[in-house]
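Report on the structure given below.
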Amino acid sequence: DQQVKQNSPSLSVQEGRISILNCDYTNSMFDYFLWYKKYPAEGPTFLISISSIKDKNEDGRFTVFLNKSAKHLSLHIVPSQPGDSAVYFCAASLLGATNKLIFGTGTLLAVQP
Amino acid sequence: GAGVSQSPSNKVTEKGKDVELRCDPISGHTALYWYRQRLGQGLEFLIYFQGNSAPDKSGLPSDRFSAERTGESVSTLTIQRTQQEDSAVYLCASSRDGQPQHFGDGTRLSIL
């Protein structure tokens with residue numbers, strides 16, 4: 001039972017344009033969401049997070065949007081750069097519990113120069 | 001070091017052998033997690049440590065898997081009588097309470 005879903009296995013975007021990565025979840029109890037970026041042969045690197053009490057969080061070129069009623073979140077990267085090419089994982093957790101992360105299967109982003 | 005360190009980076013072993021994977025978390029991080037990533041899949045939670053205790057072992061797939069943590073620091077994940085389906089990248093993460101988890105680069109385990 002996949003509680004966190006990333007339905008697009010890959011995405012290709014032109015340098016300078018916007019990248020939008022999507023994530024859906026099924027467990028309405030999740031209250032904290034994170035995006036991680038992963039390069040080959042490296043561990044995931046934390047990118048940005050959002051608490052369920054917010055609907056938007058911004059950090060430089062990265063913005064995460066949360067739509068609780070739709071159980072959907074998205075990561076926007078503007079402008080996209082070739083160095084952003086990586087696998088992006090969406091993750092969810094229950095704050096105050098063990099904080100274990102439930103991950104999606106990832107989306108491979110390719111930013112074309 | 002500044003980050004989470006895992007060893008070995010790669011391990012190839014024969015089916016039926018035992019393996020031990022090591023994780024050195026970031027100094028001062030009380031929480032430590034083990035995850036597994038099989039080919040083409042997302043990361044799968046295995047076990048969580050708070051200090052030296054493991055209040056959540058719910059992700060361990062079978063009793064062949066065990067883990068311990070000592071000195072609120074180093075953790076080892078042991079897999080006994082390895083099977084081919086154990087082949088995966090095993091990732092360790094650590095964090096301070098309420099903070100995002102920081103991951104090591106993982107151990108790529110291949111069972112022949």
Side-chain angles (χ1 to χ4, degrees), chain A residues 1-10 21-27 30-53 57 59 62 64 73 75 86-108, chain B residues 1-10 21 23-26 29-51 53-60 67 88-110:
Chain A
D1 177 27
Q2 193 73 22
Q3 295 189 69
V4 177
K5 300 177 186 178
Q6 293 177 257
N7 292 319
S8 298
S10 63
L21 297 110
N22 294 302
C23 178
D24 296 292
Y25 60 96
T26 57
N27 188 342
F30 287 142
D31 53 11
Y32 188 56
F33 303 89
L34 307 90
W35 284 93
Y36 281 83
K37 173 180 174 179
K38 187 180 184 303
Y39 293 117
E42 294 184 10
T45 303
F46 169 71
L47 204 52
I48 193 169
S49 63
I50 188 166
S51 160
S52 60
I53 62 173
N57 188 25
D59 184 1
F62 302 91
V64 56
L73 65 156
L75 174 68
V87 177
Y88 288 78
F89 288 98
C90 168
S93 76
L94 297 166
L95 278 177
T98 66
N99 295 336
K100 69 184 181 187
L101 297 176
I102 309 299
F103 281 86
T105 51
T107 296
L108 174 62
Chain B
V4 177
S5 177
Q6 292 188 246
S7 61
S9 53
N10 286 283
L21 312 179
C23 173
D24 286 87
I26 294 172
H29 281 194
T30 55
L32 186 147
Y33 304 80
W34 284 96
Y35 294 85
R36 171 170 80 171
Q37 185 182 18
R38 289 167 157 168
L39 193 64
Q41 298 187 21
L43 281 73
E44 214 187 325
F45 167 78
L46 297 178
I47 187 169
Y48 157 67
F49 285 93
Q50 180 61 39
S53 301
D56 189 348
K57 306 178 183 180
S58 63
L60 293 178
V89 177
Y90 289 82
L91 290 149
C92 175
S94 70
S95 71
R96 294 186 187 278
D97 285 345
Q99 297 299 309
Q101 296 172 29
H102 295 265
F103 284 83
D105 287 340
T107 294
R108 182 175 297 277
L109 178 64
S110 301

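All values derive from a computational prediction rather than experimental measurement. Below, all heavy atoms of this structure are taken into account, side chains as well, without hydrogens, waters or symmetry copies. Just so we're on the same page: letters track the sequence lines, and every chain starts at 1.
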**Message:** Measuring from atom CD of B/Q101 to atom OG of A/S49, what distance do you get when rounded to the nearest 0.5 angstrom?
**Reply:** 11.5 Å

**Prompt:** What are the two closest non-hydrogen atoms of A/P44 and B/L91, and how far apart are they?
**Reply:** CD-CD2, 4.1 Å

**Fill in**
Applying a strict 4.5 Å limit to non-hydrogen atoms, the region of A/A91 in contact with chain B is neither

**Asked** Can you list the residues that meet the side chain to side chain contact (heavy atoms under 4.5 Å, CB included) rule with B/N10, with sequence neighbours excluded?
**Response** B/R108

**Contact leader toward chain B among A/T105, A/V87, A/I102, where contacts are heavy-atom pairs under 4.5 Å** = A/T105

**Request:** Heavy-atom distances under 4.5 Å only: say whether B/S58 touches chain A with side chain, backbone, both or neither.
**Result:** side chain

**Fill in**
By residue number, those in residues 36-43 of chain B with heavy atoms under 4.5 Å from heavy atoms of chain A are B/Q37, B/Q41, B/G42, B/L43

**Request:** Please name all residues satisfying side chain to side chain contact (heavy atoms under 4.5 Å, CB included) with B/T30, sequence neighbours left out, ordered by chain then number.
**Result:** B/Q50, B/D97

**Prompt:** Are side-chain heavy atoms of B/Y35 and A/L101 found at a separation under 4.5 Å?
**Reply:** yes

**Asked** Can you name the residues that form a side chain to side chain contact (heavy atoms under 4.5 Å, CB included) with B/D105, not counting sequence neighbours?
**Response** A/E42

**Complete:** In terms of heavy-atom contacts, A/Y32 and B/P100 come closest through OH-CG, 4.0 Å

